[in-house]
2 protein chains.
Amino acid sequence: MRIENLDTPALVLDLDKLEQNIRDMSAFAKEYNIKLRPHIKAHKIPEIALRQIETGAVGITVAKLGEAEVMAEAGITDILVAYPVVGPEKVERLVNLAKEATVSSVVDNLEQAQALSAAFSKAGLTLPVLVEIDTGLKRCGLAPDKEVAEFAARLQALPGLTFKGLMTHAGHVYGVKDPGEVPRIGRQEGEILVELAALLAEKGIEVEEVSVGSTPTAKHSGKVEGVTEIRPGNYVFYDAIQIGLGVALPERCALTVLCTVVSAPEKGRRIIDAGSKTLALDRGAHGNALVTGYGYLPDWPGWQVARLSEEHGIMESEKSGHGPRLGEKVRIIPNHACPVVNLADAVYVVKAGEIVEKWQVAARGKVT
Amino acid sequence: MRIENLDTPALVLDLDKLEQNIRDMSAFAKEYNIKLRPHIKAHKIPEIALRQIETGAVGITVAKLGEAEVMAEAGITDILVAYPVVGPEKVERLVNLAKEATVSSVVDNLEQAQALSAAFSKAGLTLPVLVEIDTGLKRCGLAPDKEVAEFAARLQALPGLTFKGLMTHAGHVYGVKDPGEVPRIGRQEGEILVELAALLAEKGIEVEEVSVGSTPTAKHSGKVEGVTEIRPGNYVFYDAIQIGLGVALPERCALTVLCTVVSAPEKGRRIIDAGSKTLALDRGAHGNALVTGYGYLPDWPGWQVARLSEEHGIMESEKSGHGPRLGEKVRIIPNHACPVVNLADAVYVVKAGEIVEKWQVAARGKVT
């Protein structure tokens, strides 16, 4: 079957572009002699995670335990749960996961670390933990100051845990107004962590891992001497937000949403069958002014996806020029690929216009 | 099991409130002697649709054929597909659906109507169609002018179709800056359609159905003499956007998202385990200034869900006052309940704090 015959809306994944993106990031990590541990929240698809591992990734990163469980089931053996595991049900699931795979996690709070310590030592297991550091996102994590050394020392004293190192995610990069700021934020992400690791080393605390992340920053923070690991996720697909940040060109974007024009009420307006339940409402994490509309239309310059209802997309052109006709199919590069994949049950994998596979989004909706 | 023991994030549905909301809208329709055909895109759950029918709804409204197929399978026998059915695959599915249930649909374009006509007449079936009218949303639909009479006359001449009447959805109500405008937009929604029906009647075209919709407008347009049917959806739950519009009070909101504090990095900041993959990014359909943050926190005045990452919610309080502790569970009334339910596999149904049922979101993700 060919793309043209797909019922819409449908997610179309270009296999050649996907594999190029995977190879490219692996080559970067190899060149700078750092580990690549991609975040699979971007795709939630075991077939992609396994390709990443085959192409050189040391393991994967996940946010939620449900994602980790799906990936372990699919044969991934090294998983970082880069999310604070809190609450007795979740701690128990992490212990069970550690019986099946090499598991590590993150902490930013002693109370949380103590709960993990108690459960892992009771199970006769040891959990390697990274301390999460806030390098500007203002989400989770400790400030990068000398209190981190005290915290790490306390972790070293807890049974059932080993202090493995430091991690951060410079997600505030998505809030920049100027793409020129991306390299600076990336370097900063790496430098803050490397300096902090040096401070800990002075106090006799060995920092084995210095782990940084995000697709926009990985190729900048990853070059900082002392960084040991990068955790980008989105790079397998790229998307319109990455285009806006200057991180990727449209031709590198592997994921598109295929939709159909279902109404053409007036010259400068077309209604497509992809709304917020397909394209999501992302405009950039904190409202990125570089991305206009709700997706990038590579084949229709002058048009934008101006509004979304749940099941309708409203394409508009100010010039009221030539537009797609009723029933015509339209490709959209989504603003943010990660939540778009999470809205779908499956993606259609395409090579030279031919559908070669259909991959289930096996970890879709695994938010617990 | 009680709510307190649910793993998070989880959707919690208060059964008493749900049933009160369903009864209340049915009572309104009965009082004004109009039909109630609720839009099930709000919940996508057969158990709720069946309760709506039992409580007096004449049938249901859906957007996508996939929703209709799930609901027909669950025993719903009267379905309006209030969405332009375009493309040969979809037309065939509509024909098949019409063999299982009483089905009607909408048209706003002769080419689209001709395709339906050809398929239904070939199958020896007749599809009742409503003409979609644009009463201000600027999405699908014809302008409410005399050309509608010509269009309806053309529909009457097509085999396999019957012209049943007029429909509209005043979704632009979600864009108001002042809740005081809601009643006016509601009355207008009804009046425009009733006037148009009178114009058609003058030309000898009988308009059997005058169908209007939306939760904010239904109780205003539904009172307009000549309106025959209302199609609200969200009223089964209500949500923070409806609170902002003055349509419901917080105590009528039946759906809440239960989440857990997973990090407490500083005084005025808490990180919860519900992000945009649980709460969605809706701020009101067109950016409703009346809703602040990404959800309403009934138990934490002074705090708001200021930012969302995919799996993190960032709660902030400017006063840096007393906040929930690490591990504590927090309830959120979502801004827009409909996409939130679509992100979940199931909802936990609660009566007096006790979980009495778990309902699958059977039509979740049915976007084709």
Side-chain angles (χ1 to χ4, degrees), chain A residues 5 7-10 41 63-64 83-87 89-90 108-109 111-112 115 132 134 137-143 171 260-266 269 271 273-278 280-283 285-286 307-312 314 326-327 338-339 342-345 364-365 367-368, chain B residues 5 7-10 41 63-64 83-87 89-90 108-109 111-112 115 132 134 137-143 171 260-266 269 271 273-278 280-283 285-286 307-312 314 326-327 338-339 342-345 364-365 367-368:
Chain A
N5 302 319
D7 198 11
T8 63
K41 57 112 186 157
K64 296 297 181 85
Y83 196 88
V85 175
V86 171
E89 304 90 346
K90 293 219 164 60
D108 71 351
N109 180 297
E111 188 185 336
Q112 182 221 345
E132 181 159 3
D134 182 359
L137 178 56
K138 296 205 167 298
R139 200 171 66 181
C140 298
L142 300 178
T260 300
V261 176
V262 295
S263 180
E266 59 182 357
R269 176 153 42 105
I271 312 304
D273 59 359
S276 68
K277 282 175 176 168
T278 298
L281 286 173
D282 297 58
R283 307 294 294 255
H286 305 164
R307 290 180 283 144
L308 295 182
S309 305
E310 287 165 56
E311 301 287 8
H312 303 75
I314 295 98
L326 185 79
C338 316
N342 184 54
L343 286 164
D345 289 324
R364 189 209 57 72
V367 292
T368 65
Chain B
N5 302 320
D7 197 11
T8 64
K41 57 109 186 159
K64 296 297 181 87
Y83 197 89
V85 175
V86 170
E89 305 90 345
K90 291 216 167 61
D108 71 352
N109 181 297
E111 187 185 337
Q112 181 220 348
E132 181 159 4
D134 183 358
L137 177 57
K138 297 205 167 295
R139 200 172 66 183
C140 298
L142 300 177
T260 300
V261 175
V262 295
S263 180
E266 58 182 357
R269 177 153 41 106
I271 312 303
D273 59 358
S276 68
K277 281 176 178 167
T278 298
L281 285 173
D282 297 58
R283 308 293 296 255
H286 304 163
R307 289 181 284 143
L308 294 181
S309 304
E310 287 165 57
E311 300 288 8
H312 303 75
I314 294 98
L326 186 79
C338 315
N342 184 54
L343 287 163
D345 290 324
R364 187 208 58 72
V367 292
T368 65

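So that the names make sense, note that chain A is the first sequence line, chain B the second, and so on, each numbered from 1.
Per-residue counts of heavy-atom pairs under 4.5 Å with chain B were compared for A:N5, A:L326, A:D345, A:L142; the largest is that of A:L326. Among B:C140, B:G327, B:P265, the residue making the largest number of heavy-atom pairs under 4.5 Å with chain A is B:C140. Heavy-atom pairs under 4.5 Å with chain A were tallied for B:C338, B:G365, B:P339, B:A264; the largest tally goes to B:C338. Heavy-atom pairs under 4.5 Å with chain A peak, among B:K277, B:E89, B:K41, at B:K277. Looking only at heavy-atom pairs under 4.5 Å with chain A, the residue among B:Q112, B:E132, B:E111, B:E310 that has the most is B:E310. Interface summary for chain B: among A:L343, A:T8, A:N109, the most heavy-atom pairs under 4.5 angstrom belong to A:T8. Most heavy-atom pairs under 4.5 Å with chain A: of the set B:D134, B:V85, B:D7, this distinction falls to B:D7. The candidate with the highest count of non-hydrogen atom pairs below 4.5 Å against chain A, out of B:L281, B:T368, B:V367, is B:V367.
Proximity to chain B (any heavy atom under 4.5 Å) is restricted, for A:I314, to the side chain, taken from C-beta onward. Contacts between A:I271 and chain B at a heavy-atom distance below 4.5 Å involve the side chain alone, from C-beta outward. Proximity to chain B is limited to the side chain of A:T260, based on heavy atoms less than 4.5 angstrom apart. With a 4.5 angstrom heavy-atom cutoff, A:V261 touches chain B only via backbone atoms. Heavy atoms of A:K64 lying under 4.5 Å from chain B belong exclusively to its side chain. B:D273 touches chain A through backbone and side chain together, each having a heavy atom under 4.5 Å away.
When all heavy atoms of B:S263 and A:G141 are compared, the closest pair comes out as OG-N, 4.3 Å.
Not counting sequence neighbours, the partners of A:A63 by the side chain to side chain contact (heavy atoms under 4.5 Å, CB included) test are A:H39, A:E67, A:Y83, B:E311. Here A:E266 pairs with A:R269 under the salt bridge (Lys or Arg N to Asp or Glu O under 4.0 Å) rule; sequence neighbours left out.
For the atom pair CZ (A:R283) and CZ (B:R283), the distance works out to 12.5 Å, reported to the nearest 0.5 Å.
No donor-acceptor pair under 3.5 Å is formed between the side chain of A:R139 and the backbone N or O of B:S309.
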